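Below is one structure; the comments refer to it alone.
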Amino acid sequence: MLDLNAVRNDPETYRAGLRRRGEEPVILEKLLELDQRRRLLIREVEELQSQRNSLSREIGFAKRGGGDPAEIISRVQEIKKVLPEREAELKAVASELERLLLEIPNLPAPEIPDGEPRILKTVGDTPRHGTPHWEIGERLGMLDTARGVKVAQARFYLLRGDGAALERALISFMLDLQIQKRGYQEVIPPFLVNLDSMTGTGQYPKFAEDFFTCEKDGLALVPTAEVPVTNLHRDEILEELPLKYTAWTPCFRREAGSYGKETRGLIRVHQFNKIELVRFTKPGESDAALEELTADAESVLETLGLPYRRVVLPADDLGFSARKTYDLEVWMPGVERYVEISSCSNFGDFQARRMRIRYRPKPGAKPQFVHTLNGSALAVGRTWAAILENGFREDGSVEIPPVLRPYLNGRVRFEAAS
RNA sequence: GGAGAGGUGGCCGAGUGGUUGAAGGCACCGGUCUUGAAAACCGGCAUACCGAAAGGUAUCGGGGGUUCGAAUCCCCCCCUCUCCGCCA
């Protein structure tokens, strides 16, 4: 959520920012117009309320003094003819303003590019030819797409035997790395959240089509651990900063509008596992925290020995709540391209404002909004796929990255059962 | 699912229709005292909005209603706790 005061004081900066994002800045004109109407109405309403309150007080005094308040009461009645109308009007304008404010995206950070994503670094070899992970997975008995579809729907899949073991090994490995080497605290949050939480991180109301809901319970399946973990501290004044959390959760996404795209394999599915990193920092510290957090995510790719690159997203490619985002893309020889495997973002105070997460700069000082950040470390399904494609050998087996072997009973490769 | 209790400020906790934004305590901030600290004592201490300011308005889980006036009365919803039932 943008700071309405800041928009009012410096609309040009916000217009320019929205334009960089490819948004129509007209929405700001509407916002400012509503804001002005609202403030006018507030003055009217409060003036009437003030009159009503003082007259009511007089009635109290008159009654206690044994006087007859009938005349004053009739004056209050006059006010009560107009007040409710104005109040209703104010309420309508205020809620329209609130709705609008919740649907305006964050401003991009000044230093990020316009146009194309900029590649910041590339690590590892990128062989041109390979076999798609779904073929390897099916052949080795690790992946069963057909039965996933039978049990649920298209874009669901089933892992079996070594496939399930690899998934579980990846989850443990990734968590252990962040907990032991990078100082994160693990949490296991609820996988269903309420709409206040979805609103807090920015998925709701604008992107309600993108996640699954349990209508009659008022709950939604988490599309990312970002939602429950960032909302941990909704409506709180934090005593200690920075905070660093990591969490494994399944992620559920409707992928509405992606019909026909990437229908094979695990790249785009309705349910996948992910390890998430979430940070809360003081305002001045979030830029450095994003660099650190992205390096934390990269450390997973590096220790697994997977080829990848880091790109910084251009302004018109940013997610709704983000002000700056680095994507990590893993090389997948089977599909012969880089595939996004992590997205690390700084949200500034955009989410904190929605969630009212604050801290006190000094004891007794006025609370300020914190900054929030998060990133995947990593998307487990896509990592699973990358390991199969990058570890695939001539003899049909898949070599297991050395760091994962302790999580797989010391095994060195996956082979077809004889 | 059944029965009951309850949701008040950063926290605990008074308050059942009229200067109550809300007693008291804790925490916190400033001061006195002290070599320093603690203790004690004195003072301060909610948030948001409107306003140049003076000041005003709103907020006692959320929404609606009664009333000249609601933290207090009525209705609906949400949440928490206790007991019973069921259950991994």
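By convention in this document, chain letters (A, B, ...) are assigned in the order of the sequence lines, proteins followed by strands, and residues within each chain are numbered from 1. Note that this is a predicted model, so its numbers are computed, not measured.
- Under the salt bridge (charged side-chain N to carboxylate O under 4.0 Å, His left out) criterion, A/Glu276 pairs with A/Lys274, not counting sequence neighbours.
- Nucleotide B/rU57 holds its P atom 9 Å from the CD atom of A/Glu47, rounded to whole Å.
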List, with names and distances, any nitrogen or oxygen atoms from the protein found under 3.5 Å away from nitrogen or oxygen atoms belonging to nucleotides 86-88 of chain B.
none

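- Of the possible donor and acceptor atoms, none in the side chain of A/Ser172 sits under 3.5 Å from a partner among the backbone N and O of A/Ala169.
- Closest-nucleotide positions on RNA chain B for A/Ser54 and A/Asn5 were compared, and the one nearer the 5' end corresponds to A/Asn5.
- When heavy atoms are screened at a 4.0 angstrom cut-off, A/Gln77 is found touching the sugar-phosphate backbone but no base atom.
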Would you please test A/Asn53 and A/Ser56 for side-chain hydrogen bond (donor to acceptor under 3.5 Å, both in side chains) and show each step?
CA-CA 5 Å; A/Asn53 289 349; A/Ser56 292; 5.5 Å; no
Write out a two-atom table: protein N or O, nucleotide N or O from nucleotides 6-13 of chain B, distance below 3.5 Å.
none

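- Here A/Glu302 contributes atom CD and A/Tyr308 contributes atom OH; the two are 3.5 Å apart, rounded to the nearest 0.5 Å.
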Could you give the side-chain donor-acceptor pairs of residues 35-42 of chain A under 3.5 Å, partners two or more places apart or in another chain?
| from | atom 1 | to | atom 2 | distance (Å) |
| --- | --- | --- | --- | --- |
| A/Asp35 | OD1 | A/Arg8 | NH1 | 3.0 |
| A/Asp35 | OD1 | A/Arg38 | NH2 | 3.1 |
| A/Asp35 | OD2 | A/Arg8 | NH1 | 2.6 |

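- In this structure, A/Arg353 does not reach the B/rA48 phosphate: none of its side-chain N or O atoms is under 4.0 Å from OP1 or OP2.
- Taking for each of A/Pro367 and A/Gln49 the nucleotide of RNA chain B with the nearest heavy atom, the 5'-most of the two is the partner of A/Pro367.
- The side chain to side chain donor-acceptor pair (under 3.5 Å) check on A/Asp114 picks up A/Arg20, with sequence neighbours excluded.
- Taking atom P on both nucleotides, B/rC29 is separated from B/rA54 by 28 Å, rounded to a whole Å.
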Could I get a table of every N or O pair under 3.5 Å where one atom is in the protein and the other is in nucleotides 15-21 of chain B?
| from | atom 1 | to | atom 2 | distance (Å) |
| --- | --- | --- | --- | --- |
| B/rG18 | O6 | A/Lys63 | NZ | 3.3 |
| B/rG18 | N2 | A/Ser56 | O | 2.7 |

In a table with atom names and distances, give each donor-acceptor pair under 3.5 Å that connects a side chain of residues 342-350 of chain A to protein atoms at least two apart or in another chain.
| from | atom 1 | to | atom 2 | distance (Å) |
| --- | --- | --- | --- | --- |
| A/Ser342 | OG | A/Ser376 | O | 2.6 |
| A/Ser343 | OG | A/Asp327 | OD1 | 2.8 |
| A/Ser345 | OG | A/Thr325 | OG1 | 2.7 |
| A/Asn346 | OD1 | A/Gly348 | N | 2.9 |
| A/Asn346 | ND2 | A/Ser286 | OG | 3.0 |
| A/Asn346 | ND2 | A/Asp287 | OD1 | 3.4 |
| A/Asp349 | OD2 | A/Arg353 | NH2 | 2.7 |

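- Atom CZ in A/Arg52 sits about 6 Å away from atom P in B/rA70, given to the nearest Å.
- In this structure, the CG atom of A/Leu90 is 13 Å from the P atom of B/rU59, given to the nearest Å.
- Nucleotides B/rG51 and B/rU57 place their C1' atoms 11 Å apart, quoted to the nearest Å.
- Of the side-chain N and O atoms in A/Lys80, none sit less than 4.0 angstrom from OP1 or OP2 of B/rU67.
- At whole-Å resolution of the value, CG in A/Leu48 and C1' in B/rC50 are 14 Å apart.
- Counting any heavy atom pair closer than 4.0 Å across all strands shown, A/Arg86 reaches no nucleic acid atom.
- Taking atom C1' in both B/rG13 and B/rG31, one finds a spacing of 28 Å when rounded to whole Å.
- Taking only side-chain nitrogens and oxygens, A/Asn53 comes nearer than 4.0 Å to OP1 or OP2 of B/rU57.
- Between B/rG61 and B/rC68, the distance separating the two C1' atoms is 28 Å to the nearest Å.
- Protein atom NZ of A/Lys81 is 17 Å distant from nucleotide atom C1' of B/rU67, rounded to whole Å.
- Around atom OH of A/Tyr204, no more than 12 heavy atoms belonging to other residues, nucleotides or ligands sit under 6.0 Å away.
- Comparing the P positions of B/rU32 and B/rG56 gives an interatomic distance of 34 Å, to the nearest angstrom.
- Taking a 6.0 Å sphere around NZ of A/Lys206, one finds it holds more than 12 heavy atoms contributed by other residues, nucleotides or ligands.
- Between the CZ atom of A/Phe369 and the C1' atom of B/rU47 there is a distance of 11 Å, rounded to whole Å.
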Both atom distances under 3.5 Å, Watson-Crick or G-U wobble: I'd like the secondary structure of RNA chain B as a dot-bracket string, with | for pairs made across strands.
((((((((.[[[..)..(.....]]].(((((.......))))).(((((....))))).[[[[[..)....]]]]])))))))....
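- Distance check on atom P: B/rA71 versus B/rC60 gives 7 Å, rounded to whole Å.
- Note on ring orientation: taking the six-membered ring where Trp is involved, the planes of A/Phe212 and A/Phe156 are tilted (angle from 30° to 60°).
- In the region residues 36-46 of chain A, proximity to RNA chain B at under 4.0 angstrom, judged on heavy atoms, holds for A/Arg38, A/Arg39, A/Ile42, A/Arg43, A/Glu46.
- Side chains of A/Asp296 and A/Ser299: a donor-acceptor N/O pair is absent below 3.5 angstrom, by distance only.
- Side-chain atoms of A/Thr201 and A/Glu226 include no donor-acceptor pair closer than 3.5 Å.
- Enclosure of atom CD in A/Glu111 by more than 12 non-hydrogen atoms of other residues, nucleotides or ligands within 6.0 angstrom is indicated.
- The P atoms of B/rG62 and B/rU8 are separated by 10 Å, rounded to the nearest whole Å.
- Annotation: ring-ring contact (aromatic ring centres under 6.0 Å, His included) contacts of A/Tyr245 (sequence neighbours excluded): A/His233.
- Under the 3.5 Å distance criterion, the side-chain polar atoms of A/Ser50 are left unmatched by any main-chain donor or acceptor of A/Glu46.
- For the atom pair A/Lys244 NZ and A/Phe280 CZ, the distance stands at 13.5 Å (nearest 0.5 Å).
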Contacts under 3.5 angstrom, residues 379-392 of chain A side chains, donor-acceptor by atom type, not counting sequence neighbours:
| from | atom 1 | to | atom 2 | distance (Å) |
| --- | --- | --- | --- | --- |
| A/Arg382 | NE | A/Ile267 | O | 2.9 |
| A/Arg382 | NH1 | A/Glu340 | O | 2.6 |
| A/Arg382 | NH2 | A/Ile267 | O | 2.7 |
| A/Thr383 | OG1 | A/Ala379 | O | 2.6 |
| A/Trp384 | NE1 | A/Gly163 | O | 2.9 |
| A/Glu389 | OE1 | A/Gly334 | N | 2.6 |
| A/Glu389 | OE1 | A/Val335 | N | 3.3 |
| A/Glu389 | OE2 | A/His133 | N | 2.8 |
| A/Glu389 | OE2 | A/His133 | ND1 | 2.8 |
| A/Asn390 | ND2 | A/Trp331 | O | 2.9 |
| A/Asn390 | ND2 | A/Ala386 | O | 2.9 |

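- A 6.0 Å sphere centred on CD of A/Glu399 holds more than 12 heavy atoms belonging to other residues, nucleotides or ligands.
- Side-chain N/O atoms of A/Arg168 and A/Tyr407 include no donor and acceptor closer than 3.5 Å.
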Protein proximity profile, nucleotides 73-81 of chain B - base contact B, sugar-phosphate-only contact S, no contact -, cut-off 4.0 Å on heavy atoms:
---------
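- How far CG of A/Leu140 is from CZ of A/Arg160: 13.5 Å, rounded to the nearest 0.5 Å.
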